[in-house]
Amino acid sequence: MGIGAYVAIALYFGFLLFVGRYSYNKNANMGEYLLDNRRLGPIVTALSAGASDMSGWMLLGVPGALYAVGIANIWMVIGLIIGAYLNYLLLAKRLRVYTEVASDSITIPDFLENRFKDRTKILRIVSGLIILVFFTLYVSSGIIAGGKSFEAFFGLPFNYGAIFTLAIVVFYTFFGGFRAVCITDAFQGTLMFFVLVAIPLTAFFNLNLPENTNLWAEISKLSTAHLDPFANQTFWGILGLMAWGFGYFGQPHIIVRFMAIRNSQELAQARRIGIGWMTIGLAGAMMSGLIGFVYFSTKGGLGDPETVFLKLGEELFSPFLLGIIISAVLAAIMSTISSQLLVSSSSVTKDFILAFYKKEISTSMQVAIGRYAVVAVALVATILAFGSKESVLNVVGNAWAGFGASFGPVLLFSLYWKRMSALGALVGMIAGGATVLFWISSGLNSYVYEILPGIIASSIAIVVVSIWGDAINKMTAEPNEQVIKDEFDRMKTRL
């Protein structure tokens, strides 16, 4: 890489550090540090949700998959776009309103406890543990991806690359909290978008195709299977790929953006921006893989398909622009890590320390605990990353399914069904997560993605326990039943 690439990357890192320091407020309270006091605009909401969702796989994994096997992987992309759209449509607005109605809840465990008036704190403990365990693993996968990226781009040893990734992310998350995370995510989402549009367009106009032919004809000449969406696919395989979309309903680092928007009416605008960003970005990622398949066919091909996006950048752009492209890949990784770190920090702080510590804790001390929890979770995740033998994709897929099955049905039922009980929510979370773990350990996930049976099990458990389990449900005291109904009705009237 030329000096221009390093200049571009240095500017990118400098901006992240600047935003973290600029967003620092030593007098912040927990609502500001973890949710920016619900002041996000629709553009930042949409772009930060998209960037925290689409990690490095959008710029490396998707182009690589299309390069290697063609459009047979399009089913996952279709499922994700549909799932993200339905997440905005079905969950976002109700969750934004209901979290405010239910004692101004600022985290998912907060909401579940307040929604069901659970005085035992069991819902808070179980949901907090799910978040802490899965997100610590999730963060470790991001650190692995960051370490590998620095190793590939700059020749740094993996450990140094992982630590450097962590240091940058922890700095702006520690000081700036939710506000810094969302601003940097929105910037990184914008950077990712422009790169995902620029690379396939530039590559297409540099293909030098023969006369009387087109891109699709050239792909067919090289491999007819590349344009067959059903190549090597089964019904259950396609269903499993599309089921990735169900995961959106239970991803805390994404849906917390909906809770933070300043007005629930602005979620419609955020939805249009977010789904437009996602659709165009994924289309650009897929086209990069297909165009790269033709482009590099005359150059001996690529040893690693997942490098196709970066290799196109090296071939077609100046060093400075290549630095921007590399920054976009790092942005995709770092935006996801920072969002997950903050949610993990909120779980440590709100769901364990503050929930059970009996003495009065000052506002400044609460925020300090939240900041140091970011560091603690990051350090544990780094230790796991150094000792992990799992691939990044496996860890991400398992955690995505775990969150989707544990929280997705519980949140949707809690927002739409007044009769849902606290015990139903608890059993639903456990049934969803346990089914996912069983499906993975038994090897059944080789037939269908584990999120699908997990969601089915969770939904059945919620309905059965809520309808027939009232006699043994001691978590919700009788006097609170009317309060729950009144809050549910208030939420509906404000939609």
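Any value given below was found using the heavy atoms of this structure, including those in side chains, with hydrogens, waters and symmetry copies removed.
Open room surrounds NZ on K311; 12 or fewer heavy atoms of other groups in view lie less than 6.0 Å from it. Annotation: I78, atom CD1; neighbour count of heavy atoms from other residues, nucleotides and ligands within 6.0 Å is above 12.
In this structure, L91 CG and Q251 CD are separated by 11.5 Å, a value rounded to the nearest 0.5 Å. Note that CG of L95 and CG of L412 are 9.5 Å apart. Values are rounded to the nearest 0.5 Å. Distance check: T279 OG1 to I81 CD1 gives 4.0 Å after rounding to the nearest 0.5 Å. If you take CD1 on I451 and CZ on F246, they are separated by 8.0 Å, rounding to the nearest 0.5 Å. Distance CD1/I291 to CG/L215: 6.0 Å, rounded to 0.5 Å. To the nearest 0.5 Å, the span separating CG on D36 from CD1 on I106 amounts to 11.5 Å.
The shortest heavy-atom contact between S338 and V181 is OG-CG1, 3.7 Å. In this structure, G147 and F158 approach most closely via the heavy-atom pair C-CD1, 3.6 Å. Between A328 and V195, the shortest heavy-atom distance links the atoms CB-CG2, 3.8 Å. Across V436 and G454, no two heavy atoms sit closer than the pair CG2-CA, 4.3 Å. Considering all non-hydrogen atoms of both residues, S288 and V308 come closest at O-CG2, 4.1 Å. Taking all atoms of both residues into account, the shortest heavy-atom contact from I143 to I337 is N-CD1, 3.8 Å.
Test N37, L34, L40 against F178 for side chain to side chain contact (heavy atoms under 4.5 Å, CB included) and you get one pass: L40. Here the rule is ring pair (Phe, Tyr, Trp, His ring centres under 6.0 Å) with W400, and of F407, Y248, Y138 only Y248 fits it.
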Item to complete: Could you give me the CA-CA distance, side-chain angles and deciding distance for M58 and L282, then say whether side-chain contact (heavy atoms from CB on, under 4.5 Å) is met?
Response: CA-CA 7 Å; M58 189 182 194; L282 284 171; 4.0 Å; yes
Discussion item. Working note: M287 + L66, criterion side-chain contact (heavy atoms from CB on, under 4.5 Å); need CA distance, chi angles, decisive distance, verdict.
Written reply: CA-CA 8 Å; M287 290 305 299; L66 271 290; over 6 Å; no
Worksheet entry | Chi angles and distances behind the side-chain contact (heavy atoms from CB on, under 4.5 Å) call for M192, W277 | CA-CA 10 Å; M192 291 162 62; W277 178 93; 4.1 Å; yes
Discussion item. Apply ring-ring contact (aromatic ring centres under 6.0 Å, His included) to residues Y24 and F174 and explain how you reach the verdict.
Written reply: CA-CA 9 Å; Y24 175 66; F174 180 95; 8.1 Å; no
Worksheet item: Do I238 and F230 pass the side-chain contact (heavy atoms from CB on, under 4.5 Å) test, and can you show the C-alpha distance, the side-chain angles, and the key distance before you say yes or no?
Response: CA-CA 8 Å; I238 291 173; F230 301 101; 3.8 Å; yes
Discussion item. I'd like to know whether H253 forms a ring-ring contact (aromatic ring centres under 6.0 Å, His included) with F403, so could you lay out the CA-CA distance, the side-chain angles of the two residues, the decisive distance to 0.1 Å, and finally the verdict.
Written reply: CA-CA 10 Å; H253 62 300; F403 280 126; 7.2 Å; no
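Here the side chains of L129 and D351 are not in contact, with every heavy-atom distance at 4.5 Å or above. In this structure, the side chains of L137 and N398 stay at 4.5 Å or more apart for every pair of heavy atoms. Annotation: side chain of V69 is not in contact with side chain of N232 (no heavy-atom distance under 4.5 Å). Contact check for M30 versus V367: side-chain heavy atoms found under the 4.5 Å cut-off. Residues T382 and S140 fail the side-chain proximity criterion, which asks for heavy atoms closer than 4.5 Å. With a 4.5 Å cut-off on side-chain heavy atoms, Y88 and F258 count as touching. Here the side chains of L17 and R21 are not in contact, with every heavy-atom distance at 4.5 Å or above. Counting heavy atoms from C-beta outward, F13 and F164 have side chains that approach closer than 4.5 Å.
At least one donor-acceptor pair under 3.5 Å links the side chain of S105 to the backbone N or O of A102. Although no hydrogens or angles enter the test, the distance criterion places no donor-acceptor pair under 3.5 Å between the side chain of S347 and the main chain of S344. Using a distance-only test at 3.5 Å, with no hydrogens or angles considered, a donor-acceptor pair links the side chain of T349 to the main chain of S345. Between the T307 side chain and the L310 main chain, no donor and acceptor come within less than 3.5 Å of each other. Judged purely by atom type and a 3.5 angstrom limit, R94 uses its side chain to pair as donor or acceptor with the backbone of L415. At distances below 3.5 Å, not a single donor-acceptor pair connects side-chain atoms of S223 with backbone N or O atoms of I219. Checked by atom type and distance alone, the side chain of T202 never pairs as donor or acceptor with a backbone atom of I199 at under 3.5 Å. Counting only distance, with no hydrogens or angles, the side chain of W75 and the backbone of P229 share a donor-acceptor pair below 3.5 Å. Listed for the S458 side chain is no donor-acceptor partner under 3.5 Å among the backbone atoms of I455. Of the possible donor and acceptor atoms, one in the side chain of Q233 sits under 3.5 Å from a partner among the backbone N and O of A72.
Side-chain contact of T173 with R371: a donor-acceptor pair under 3.5 Å is absent, judged by distance alone. Inspection of the S339 and D185 side chains reveals an N or O donor paired with an N or O acceptor under 3.5 Å. Inspection of the Y12 and Q188 side chains reveals an N or O donor paired with an N or O acceptor under 3.5 Å.
Applying the ring-ring contact (aromatic ring centres under 6.0 Å, His included) test to Y67 and every residue at least two apart in sequence or in another chain returns F293. F249 is linked by a ring-ring contact (aromatic ring centres under 6.0 Å, His included) to nothing, counting only residues two or more places apart in sequence or in another chain. Under the side-chain contact (heavy atoms from CB on, under 4.5 Å) criterion, E100 pairs with R38, R96, D104, R494, not counting sequence neighbours.
Aromatic ring pairs are classed by plane angle as parallel below 30°, tilted from 30° to 60° and perpendicular above 60°; the pair F111 and Y98 is perpendicular. Ring pair F175/F171 is tilted by interplanar angle, where 30° to 60° counts as tilted.
Two rings, from F204 and Y295, have their centers 6.0 Å or more apart.
Checked for salt-bridge contact, R179 and E32 miss the test: no charged N lies under 4.0 Å from a carboxylate O.
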